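Below is one structure, written out as structure tokens; comments come after it.
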There are 2 protein chains.
Amino acid sequence: MTSPDLPANPPTLHDVAREAGVSLATASRSLNGSARTVREPYREKVLAAAARLGYTPNLSAQAVAKGSTMTVALLVADIADPYFSSIAAGVIRAADDVGLVVTMAATERDTRRELELVRAMRGQRPRVLILAGSRVEGDENELALRAELEAFQSTGGRVTLISQNTLPFETVLLDNFEGARALAASLVELGYRRFAAISGVASLRTARDRLTGFRAGLADHGIDLSDDDVAVTAFTRDGGYAGAEQLIPRITDFDLVFAVNDVMAVGAMSALRDAGIAPGVEVGVAGYDDIPTVRDVTPALTTVRIPLEEVGARALALAMGTGEQSAPIATEVILRASTPRRG
Amino acid sequence: MTSPDLPANPPTLHDVAREAGVSLATASRSLNGSARTVREPYREKVLAAAARLGYTPNLSAQAVAKGSTMTVALLVADIADPYFSSIAAGVIRAADDVGLVVTMAATERDTRRELELVRAMRGQRPRVLILAGSRVEGDENELALRAELEAFQSTGGRVTLISQNTLPFETVLLDNFEGARALAASLVELGYRRFAAISGVASLRTARDRLTGFRAGLADHGIDLSDDDVAVTAFTRDGGYAGAEQLIPRITDFDLVFAVNDVMAVGAMSALRDAGIAPGVEVGVAGYDDIPTVRDVTPALTTVRIPLEEVGARALALAMGTGEQSAPIATEVILRASTPRRG
DNA sequence: AACGGTTCGGAATACGCTTTCCCAAATCGT
DNA sequence: ACGATTTGGGAAAGCGTATTCCGAACCGTT
């Protein structure tokens, strides 16, 4: 009389215990092979029963009982952006290695939303909360965010930031300043002299560090980069496109355009081409990050490599207390066809 | 005498109730504004107390009590691959809109691992399980995977597959056959006549459908694509590179190379260039998917657009019973510079 | 053979929350 | 104005697990 496949409930530990003819406690102990031992006649029975029933422990129940979960929460600005998806891949891989599962959400570069997401994620009682994505200084939600993170921390949670050493939490530090400085040095060595840049707003820490680092590198060689030669736009491909458009009227004044990240550089190259200017030939282009795409664009893009997956892995290690705190991530200048040696 | 900030426990509903001077039940009812109403003196007190304490409901406990979670599990082959990260972005956005949180893992294209991950994910008791990633037919783990998914389904879970109509579950169907066929028609119309292809193994459903569709499109115009002219390799950028290398010795026999997905096409273009052959000039190149990268490579790649984020969103909608089952995803041929009109 | 000490299964309790169930109080009908 | 009905707070019973505590069975001494 019963409907053939009405949604039965998943087997519980109780079912396993009954099936095996033992108590709940014995069943539990047999399955998570923990502290106390279970003697052989029993243990085997439980394992068999569990297999027979296709038992999978309810992680929520486990979390309630043990008072802690096995999850890490990851917040990124934009999942489809290769910068973040590479980092996410690193986090997920590392998490997986230690038996943690990661839940992910996208802030869409909106700090209001980021705050909401942190609140929502806290409901999961994750062991770790990782925030990636450039933070704006002096944002109206900064205080609330900080308070939320501190509350999380004070209840035993670990929080790790990626790159954005804006907030007082453990951070995977990318030395954006030094990376950009080294890039500038390499470019000068190649013969470039007249520079322009495309950057994000100065309150964006990452953008600012890269720009000032680049400036410092130029200054080391007595070259100046005036504010007039810096286009300020959004931190996206389309931002890079728009930034290049601003520079194009005076493009003959420059022999190199530095975009503070690769997606912007790619957008800039596109704008240049659309304006009939050959990137890498009439004007050099350089970016930052070394996302996978940039070795496949033409000309291949000169950039500063960040080992993105490693950054993700490191973020988790840091939170778990596994990683060496201080060791900064090593970056490396990668010279490609977009910056040929110049006369 | 107590250490200043030893990890206190997060406030519980019990704390809130006490702080507000009401019972547990009243506190619970006030907070999730459900069925029964709570009168004003009480309700306000509870809300205030919750705010004061910074209370965030423990989702695990809620899940145990209600017998259901608000999570969706997403399994993809590779998170850093733009194809999957775009789909993931769509899933996450859609999930977020309906208050679901998504937990994500990567199968690394290993079916053994995929099976393990499904098992692990089941522990979360997600409402929905979404599998993306090309499945190999006749895989040794296929039976076990299928059994696992069916078990999940029989306990009320919803499973949705993306693209891979290999298993008997709800699927977001991409008409790979028709898309490739339309592409072939467009290319013939542009004047191409001598075709080569780079594909994955035939047991990979997606690869096979695209290849047979492409063949069908050519056949419509009386053109044949021999097996000798199809390089079979891995479904990755490097696979595409290797595939092109196979074809290069005979490259003058062809006027167009079709790679069954964009990352392979990008790899192929790279191989061609490395061999001194100008893609788009000496030989046309076409791909499939329209990942973001391909409009920025040079020449920009001709491809078949799949609205990837929409696919992700649709997968979730399907599982939630919100989407129109049958409506197949609309694909569209995008002609770009990699396939200029010929002759 | 008797005794203290160890091992380990089972009953019971706890975890944080939702949801019945009970019953006093408030509301309504006439 | 009084009984019938609705309203809504509180106690308590779960949800599926882990774990403490108890006591019976087992061990090695002497």
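Given the structure is predicted, the values throughout are model-derived calculations rather than measurements. In what follows, chains are A, B, ... by sequence order, proteins preceding strands, each numbered from 1.
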Consider the side chain of [X], meaning its heavy atoms from C-beta on, and name the nucleotide among [options] that approaches it most closely.
{"X": "A:Leu13", "options": "C:dG10, C:dT18, D:dA18", "value": "D:dA18"}
{"X": "A:Thr26", "options": "D:dA18, C:dC8, C:dG9", "value": "C:dG9"}
{"X": "A:Thr37", "options": "C:dC8, C:dT19, D:dA18", "value": "C:dC8"}
{"X": "B:Gln62", "options": "C:dT18, C:dG10, D:dG16", "value": "C:dT18"}
{"X": "A:Ala61", "options": "D:dT19, D:dT17, C:dG16", "value": "D:dT17"}
{"X": "B:Leu24", "options": "C:dT18, C:dG9, D:dA11", "value": "C:dT18"}

Problem - Side chains of A:Leu115 and A:Arg119 in contact at under 4.5 Å (non-hydrogen atoms) - result: yes
Problem - Side-chain touch B:Glu19/B:Val16, heavy atoms, less than 4.5 angstrom - result: no
Completion exercise
Closest heavy-atom pair, B:Arg43 versus B:Val38, reported as atoms and distance to 0.1 Å, is N-CG1, 3.7 Å
Problem - Nearest-nucleotide 5' precedence on DNA chain D, B:Ala65 against B:Ser23 - result: B:Ser23
Practice task
May I ask you to verify if any side-chain N or O of A:Tyr42 is less than 4.0 angstrom from the OP1 or OP2 atom of C:dT7?
Solution key: no
Problem - C:dC15 OP1/OP2 closer than 4.0 Å to side-chain N/O of B:Asn58 - result: no
Atom [atom1] of [X] to atom [atom2] of [N]: distance rounded to whole Å?
{"X": "A:Arg43", "N": "C:dC8", "atom1": "CZ", "atom2": "C1'", "answer": "14 Å"}
{"X": "A:Asn9", "N": "D:dG14", "atom1": "CG", "atom2": "C1'", "answer": "14 Å"}
{"X": "B:His14", "N": "C:dC17", "atom1": "NE2", "atom2": "P", "answer": "11 Å"}
{"X": "A:Leu31", "N": "D:dT19", "atom1": "CG", "atom2": "C1'", "answer": "15 Å"}
{"X": "B:Asn32", "N": "C:dT18", "atom1": "CG", "atom2": "C1'", "answer": "8 Å"}
{"X": "B:Asp15", "N": "C:dG16", "atom1": "CG", "atom2": "C1'", "answer": "10 Å"}
{"X": "B:Lys66", "N": "D:dT17", "atom1": "NZ", "atom2": "P", "answer": "19 Å"}
{"X": "A:Arg125", "N": "C:dC15", "atom1": "CZ", "atom2": "P", "answer": "15 Å"}

Produce the list of close N/O pairs, under 3.5 Å, pairing protein atoms with atoms of nucleotides 22-26 of chain C; give distances to one decimal.
none

Taking the side chain from [X] and the backbone from [Y], do they hold a donor-acceptor pair closer than 3.5 Å?
{"X": "A:Ser30", "Y": "A:Thr26", "value": "yes"}
{"X": "A:Thr155", "Y": "B:Ala8", "value": "no"}
{"X": "B:Ser28", "Y": "B:Ala25", "value": "no"}

Practice task
Please evaluate the base of D:dG10 for a donor-acceptor partner in the side chain of B:Arg29 within a cut-off of under 3.5 Å?
Solution key: yes
Could you pull out all donor-acceptor pairs under 3.5 Å where a side-chain atom in residues 54-64 of chain A meets a protein atom, sequence neighbours excluded?
unit_1  : atom_1 : unit_2  : atom_2 : d
A:Asn58 : OD1    : A:Ser60 : N      : 2.8
A:Asn58 : OD1    : A:Ala61 : N      : 3.1

Completion exercise
Sorted by chain and number, sequence neighbours left out, side-chain hydrogen bond (donor to acceptor under 3.5 Å, both in side chains) with A:Ser68 holds for A:Arg127
Fill in the blank from the handout: As a check of understanding: the bend across the helix from C:dA1-D:dT30 to C:dT30-D:dA1, end axes from five pairs, rounded to 10 degrees, works out to 30°
Practice task
Hey, could you give me each pair passing salt bridge (charged side-chain N to carboxylate O under 4.0 Å, His left out) that has a residue in residues 59-84 of chain B? Not counting sequence neighbours.
Solution key: B:Asp81-B:Arg109
Handout entry: Contacts of type salt bridge (Lys or Arg N to Asp or Glu O under 4.0 Å), residue A:Glu150, not counting sequence neighbours
Key = A:Arg146
